Amino acid sequence: MSVLTSLTLPLLRSLDPEKAHDLALDALTLGLSVPLRRPEDDPALATRVLGMRFSNPIGIAAGFDKNARALRPLARIGFGFVEAGTVTPRPQPGNPQPRLFRLEEDRAVINRMGFNNQGIDRFAVRLARLARPLPSGRGGGAGVPVGANIGINKTGADPERDYPALVARVKPYVQYIVLNVSSPNTPGLRGLQDAARLRGILDAIADRHPDRPPILVKLAPDLENDAIAPIVEAVVEGGAQGLIISNTTLERFPSLRSPYRDEAGGLSGRPLAPRARAMLGIVAEAAAGQLALVACGGIETGMDILERIRMGADLVQVYTAFAYEGPALVSRLKREMLDIMRREGVENLDDIRGTGIRGIRR
């Protein structure tokens with residue numbers, strides 16, 4: 001796998017970023033650069049959250065596999081969980097191209113994709129196929145927990161109608177569901193993070209789906225600090241089980257060097273890390289152990305992962321680092337985590353989770 005990856009990554013980086021992404025997804029779907037069997041994880045990396053066991057805490061963030069095409073190959077690479085989407089009720093083409101930019105000098109990405117996806121009908125069919133038993137007679141599924149990230153269309157949307165309808169379509173096939181109310185590329189979407197509006201959406205889901213997988217809400221890093229605690233309260237009272245911290249940012253940091261730094265869209269990758277860490281700290285303190293927390297934003301090393309776990313994260317997700325490094329990233333992150341844990345005498349992730357929160361969550 002590493003040889004193929006090292007040969008193909010320079011070629012992919014020479015292409016338009018969106019074409020390179022599509023080719024990488026095609027390669028995964030065909031099983032190229034994917035092991036036949038998923039590697040076994042060291043038990044020290046295992047964790048339990050949301051009523052499930054994760055063999056390691058590293059997931060692929062939404063946006064990479066928008067249409068649920070490559071969930072099983074992604075799991076075989078070694079991710080501890082995989083998330084598909086964002087999917088909307090109706091297919092939509094997204095924003096005009098070009099809409100994806102590599103900021104190589106900053107190890108970052110800017111995207112203004114605009115929820116381009118094939119719609120919930122094709123998405124749900126693929127999830128249903130994934131859940132069926134394999135021809136060998138072995139159990140179906142990806143072999144790891146699967147999440148569906150759901151959103152609304154750019155036009156004709158009714159969030160209190162659309163989110164419950166999407167939950168209905170995916171809940172038989174996934175282990176958790178994420179409400180994307182924080183992408184910067186759909187007009188008006190981030191307004192749904194308002195505590196009262198978010199509570200209304202969660203109440204609508206609860207009324208229609210008292211029996212459902214865990215619901216998580218993905219937040220924007222650009223929220224004002226004072227707005228975070230009311231949102232956390234609304235999420236808890238609305239019956240959701242977790243938060244993802246965070247989505248991409250509209251902020252343009254002075255340190256950015258790439259000629260693409262002023263492109264419109266959401267920025268992800270290394271420059272986002274300080275804000276993502278700061279926001280995780282605020283959320284963890286406000287949540288006080290009542291919610292599962294998934295850290296996302298600028299995670300590139302095993303040390304980054306352990307730091308976020310100490311800050312209260314139960315799980316982490318990567319995206320931009322995976323876009324730059326490919327499948328080899330996952331094994332590197334796990335190896336670095338284990339090296340640090342052994343050096344520091346940490347037996348398992350529960351030993352350190354939340355120890356960096358003021359008041360110590362656990």
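Only a predicted model underlies this, so the values are computations on that prediction, with no experimental measurement involved. In this chain, numbering begins with 1 at the start of the sequence shown.
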Minimal non-hydrogen separation, [X] against [Y], with atom names:
| X | Y | result |
| --- | --- | --- |
| Ser182 | Gln193 | CB-OE1, 3.5 Å |
| Ala195 | Ala234 | O-CB, 3.5 Å |
| Ala84 | Leu71 | CB-CD2, 3.9 Å |

Asp262/Arg252 salt bridge by N-O under 4.0 Å criterion: no
Below 4.0 angstrom, N of the basic side chain to O of the carboxylate: do Lys334 and Asp42 qualify? no
More than 12 heavy atoms from other groups under 6.0 Å of CD on Glu344: yes
Would the number of heavy atoms belonging to other residues, nucleotides or ligands and lying under 6.0 Å from CD of Glu251 be above 12? yes
Between the main-chain N or O of [Y] and the side-chain N or O of [X], is there a donor-acceptor pair closer than 3.5 Å?
| X | Y | result |
| --- | --- | --- |
| Arg122 | Gln118 | no |
| Asn348 | Asp351 | yes |
| Gln317 | Ala61 | no |
| Asp65 | Ala70 | yes |
| Tyr319 | Gly297 | no |
| Asp222 | Thr249 | no |
| Asn67 | Arg69 | no |

Test of understanding: with ring-ring contact (aromatic ring centres under 6.0 Å, His included), list the residues that count as partners of Phe115, not counting sequence neighbours. none
Are Phe79 and Phe64 an aromatic pair by the rule of ring centers under 6.0 Å? no
Considering the options Glu105, Glu300, Glu104, which one meets the salt bridge (charged side-chain N to carboxylate O under 4.0 Å, His left out) requirement together with Arg270? Glu300
When you compare the side chains of Thr29 and Asp26, does any donor N or O come within less than 3.5 Å of an acceptor on the partner? no
Report yes or no: do Ser258 and Asp106 form a side-chain donor-acceptor pair below 3.5 Å? no
